[in-house]
K.L.:
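I'd like to ask you about the structure that follows.
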Amino acid sequence: MAKRKNEQWRLSVNGMPTANCIPQIQVAYWDALGKQTDPVCYKLRLNFEDRYREITVDSLTVQGIRKQVKQVVLHPRGGKERFEAFLECLTEEPQKYINGWYFSAFGAHMLPDGTCVYVLGAKILGQIRAPFEIAPEIQRMQLNVPKQNDRRDVVGLPQMMDALNEADPKVMLLFVFNAFAAIRSQLERVGITFQGVVDIVGPQNCGKTTLAKCACSWLVHTECGALIFDLASSRAAMTRLLEVYRDCVIFADDQCKSEISSIQRQRAEVVAALFRIATSDSNIAAMQSRTTIQMLKRSASLLLTGEINFQNPSEVTRSIFVPLSRKIDLQKVPAPAMWAWAMESFLGWFVRNIDRLDALVAGQNYKRMLPTSIKLPMRTRANYDALSLAFELICLAALDQGAQDDDVTRWWEHYVDAVAESLAYQNHVLELAAAHTKRGNAAYVLLEGITEGAFTVCKKRKQFDVCDGLWWNGKLALKPQALETYFSKQPGYQQCKINSISKELRNCKALVINEANTLQTKISKIEQRVYLIDVEMLKESAEAFTS
């Protein structure tokens with residue numbers, strides 16, 4: 001059907017074309033995280049002759065409007081000019097706009113007027129006067145509570161802490177970690193740093209995954225349940241996960257181990273990359289436009305189950321361990337609904353009392369901190385101090401809800417027991433790592449043994465049978481068995497064969513090679529072949545690796 005030449009803008013509503021549309025902007029929504037310099041989306045009112053329709057568009061463009069309006073019909077000629085005139089109707093009086101907030105991420109948000117609100121899925125905790133929209137992806141997050149028998153009015157923090165006090169101390173540590181993770185963005189705002197992950201470790205079938213799910217399932221996604229990380233995801237997906245689900249606990253489980261070595265190796269690499277991303281203190285670089293890079297703060301927290309292949313002691317100090325030697329009595333662990341009610345109670349108190357956090361940090365007067373007499377690596381102490389601050393806030397909220405000082409003392413003692421177990425396991429892992437970390441190259445290790453008298457060395461050949469070595473022409477002749485025994489006791493060399501050790505000594509020119517180009521040398525009047533060590537070259541080649 002031919003279009004009339006004088007046809008104006010036409011937008012179809014519910015499939016029926018309607019003419020004479022006059023648009024108006026009702027609300028311009030700004031990103032609450034401050035990542036965008038322009039409104040993220042707009043709420044438009046399309047006024048027709050006999051009706052109106054309100055829609056939300058992410059941009060004032062043909063594409064942005066077509067996402068919400070089925071069809072935009074332009075005049076055959078002059079369509080671009082007519083659309084520009086259409087946009088002018090929207091922007092000619094910007095002072096009449098109402099500014100609102102668009103929440104694109106989960107968690108606590110500090111608005112420019114000093115108001116703190118908490119985006120808990122589809123609901124907002126705290127007072128917000130301006131209109132707001134929550135991203136659909138975030139609205140799919142919700143508390144894991146039963147629709148019937150809702151007891152949030154009688155289950156608060158004091159009841160939850162009493163229940164945790166009856167369970168294993170490790171459960172208390174996991175609850176404090178959840179509380180910390182839920183307000184992590186605001187703690188970082190006031191200068192509290194946390195470079196760590198929580199790792200539940202233990203033998204198979206001791207309940208690591210079950211305990212982790214009990215601790216994390218208070219908050220669920222309507223499509224995928226708890227935030228269990230998919231180890232098949234890419235690094236970009238991991239970064240996006242840690243950005244969008246800020247103030248959440250991301251749970252990466254080892255239950256998907258594969259019998260295929262290549263797949264398992266790939267998953268181990270993904271976990272290692274996720275560990276590095278989660279513990280890094282640097283910001284995330286995200287493209288805001290083709291020419292602008294926005295640096296975003298990473299505020300999600302990571303919970304792992306299973307052993308991690310640590311590359312160095314620094315990674316060990318970034319881990320807060322929850323060691324399990326046997327199954328925890330799950331009958332004493334509070335149900336996910338109780339976790340959810342307690343967390344909602346705590347977060348509601350937190351946004352109403354955000355000024356108390358500022359006062360605590362400014363005054364540095366935490367009542368409950370780990371004793372300074374406990375010697376800890378600096379990063380480890382910073383991580384536990386951050387958790388102690390979260391515990392302090394939990395106690396303040398519980399006191400406001402009717403708890404007594406004696407109750408808080410009992411909770412703190414229970415929590416310290418869990419921290420002591422965690423630190424003991426961390427020291428154990430550090431000792432194992434030190435036992436398998438090379439102090440230096442083979443020349444350094446051998447020179448250290450010679451200097452400290454690890455070998456019995458003689459000067460006369462007739463005594464060689466009862467000694468480890470012989471000084472011969474200014475060089476040290478060592479028996480192969482003595483050299484192998486010594487290196488088998490050295491950190492980092494326990495699994496090394498004598499052949500690889502001798503080759504390393506040869507490569508640094510500390511091992512004298514005979515005319516037959518063999519590693520072992522025959523000395524006159526001695527039947528046994530020996531390794532002939534040039535001690536001067538040994539000193540030149542010695543190199544220490546670690547402090």
K.L.:
Can you find a heavy atom in the side chain of Ser319 that is under 4.5 Å from one in the side chain of Val197?
P.N.:
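Yes; the side chains approach each other to less than 4.5 Å.
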
K.L.:
When you check the gap from the basic side-chain N to the acidic O, do Arg189 and Asp358 get nearer than 4.0 Å?
P.N.:
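Salt bridge: yes.
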
K.L.:
Do the side chains of Ile320 and Phe194 get nearer than 4.5 Å, heavy atoms only?
P.N.:
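They are in side-chain contact.
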
K.L.:
Could you tell me which residues satisfy ring pair (Phe, Tyr, Trp, His ring centres under 6.0 Å) with Phe350, sequence neighbours excluded, listed by chain and number?
P.N.:
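So Phe350 forms no ring pair (Phe, Tyr, Trp, His ring centres under 6.0 Å) with any residue.
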
K.L.:
So Phe346 and Trp341, side chain to side chain contact (heavy atoms under 4.5 Å, CB included) or not? Walk me through it.
P.N.:
CA-CA 9 Å; Phe346 170 67; Trp341 291 324; over 6 Å; no

K.L.:
Are the side chains of Arg246 and His109 in touch, meaning some heavy atoms are under 4.5 Å apart?
P.N.:
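Counting from C-beta outward, Arg246 and His109 do come under 4.5 Å.
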
K.L.:
Would you kindly check if the NZ (Lys) or CZ (Arg) of Lys479 is within the cone defined by 45 degrees around the ring axis of Phe455 and under 6.0 Å from the six-membered ring centre?
P.N.:
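That pair does not qualify as a cation-pi contact.
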
K.L.:
Measure the shortest side-chain to side-chain distance between Trp411 and Leu164 over non-hydrogen atoms and say whether it is less than 4.5 angstrom.
P.N.:
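No, every pair of side-chain atoms sits at 4.5 Å or beyond.
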
K.L.:
Could you pull out all residues at least two apart from Asp162 that satisfy salt bridge (charged side-chain N to carboxylate O under 4.0 Å, His left out)?
P.N.:
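With neighbours one apart ignored, the set is Arg410.
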
K.L.:
Any side-chain heavy atom of Leu399 sitting closer than 4.5 Å to one from Asp407?
P.N.:
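Leu399 vs Asp407: side chains apart.
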
K.L.:
Quick one: salt bridge (charged side-chain N to carboxylate O under 4.0 Å, His left out) partners of Lys170, sequence neighbours excluded?
P.N.:
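Scan of Lys170 (salt bridge (charged side-chain N to carboxylate O under 4.0 Å, His left out), adjacent residues dropped) gives Asp168, Glu421.
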
K.L.:
Tell me if a side-chain donor or acceptor on Lys460 pairs with a main-chain N or O of Phe464 at a distance below 3.5 Å.
P.N.:
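Looks like no, no N/O pair under 3.5 Å.
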
K.L.:
My understanding is that only residues two or more places apart in sequence, or in another chain, count here; which of them pass side chain to side chain contact (heavy atoms under 4.5 Å, CB included) with Ala443?
P.N.:
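For Ala443 the side chain to side chain contact (heavy atoms under 4.5 Å, CB included) partners, ignoring immediate neighbours, are Asn441, Cys508, Leu538, Ser541.
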
K.L.:
Below 4.5 Å, heavy atoms only, C-beta onward: do Ile200 and Leu174 meet side chain to side chain?
P.N.:
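The answer is yes; the side chains approach within 4.5 Å.
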
K.L.:
Regarding Asn178 and Trp339, do their side chains bring together a donor and an acceptor under 3.5 Å, going by distance alone?
P.N.:
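Result is no, nothing qualifies.
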
K.L.:
Please determine, by modelled atom types, if Asp247 and Ser185 share a side-chain donor-acceptor pair under 3.5 angstrom.
P.N.:
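Asp247 vs Ser185: donor-acceptor pair found between side chains.
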
K.L.:
What side-chain hydrogen bond (donor to acceptor under 3.5 Å, both in side chains) pairs are there with at least one residue in residues 462-473, not counting sequence neighbours?
P.N.:
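Applying side-chain hydrogen bond (donor to acceptor under 3.5 Å, both in side chains) to every pair that reaches into residues 462-473, excluding sequence neighbours, yields Thr456-Asp468.
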
K.L.:
For Glu344 and Trp218, what are the C-alpha separation, side-chain angles and deciding distance, and is it a side chain to side chain contact (heavy atoms under 4.5 Å, CB included)?
P.N.:
CA-CA 10 Å; Glu344 183 180 18; Trp218 65 274; over 6 Å; no

K.L.:
With a 4.5 Å heavy-atom cut-off, do Trp349 and Arg356 have their side chains touching?
P.N.:
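Counting from C-beta outward, Trp349 and Arg356 do come under 4.5 Å.
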
K.L.:
Which atoms form the tightest heavy-atom contact between Ala442 and Tyr493, and what is the distance?
P.N.:
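Minimum heavy-atom separation between Ala442 and Tyr493: N-OH, 3.0 Å.
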
K.L.:
Listing request: all salt bridge (charged side-chain N to carboxylate O under 4.0 Å, His left out) pairs with a residue in residues 504-514, at least two apart in sequence or in separate chains.
P.N.:
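Residue pairs with at least one partner in residues 504-514: there are none.
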
K.L.:
Could you grab the distance from atom CD of Glu188 to atom CD1 of Ile183, nearest 0.5 Å is fine?
P.N.:
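If I round to the nearest 0.5 Å, the distance is 11.0 Å.
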
K.L.:
For the NZ atom on Lys332, are there more than 12 heavy atoms of other groups (residues, nucleotides or ligands in this structure) within a distance under 6.0 Å?
P.N.:
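For Lys332, atom NZ is not crowded (no more than 12 foreign heavy atoms under 6.0 Å).
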
K.L.:
Indicate yes or no: at least one non-hydrogen side-chain atom of Gln490 is less than 4.5 angstrom from one of Cys496.
P.N.:
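Counting from C-beta outward, Gln490 and Cys496 never come under 4.5 Å.
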
K.L.:
Can you tell me if CD on Gln404 sees more than 12 non-hydrogen neighbours from other groups inside 6.0 Å?
P.N.:
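Open.
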
K.L.:
Give, for atom CG of Leu187 and atom CG of Leu393, the distance between the pair rounded to the nearest 0.5 Å.
P.N.:
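Atom-to-atom, Leu187:CG and Leu393:CG are 7.0 Å apart.
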
K.L.:
Which pair of non-hydrogen atoms, one from Asn383 and one from Thr317, has the smallest distance, and what is that distance?
P.N.:
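Nearest heavy atoms, Asn383 then Thr317: ND2-O, 3.9 Å.
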
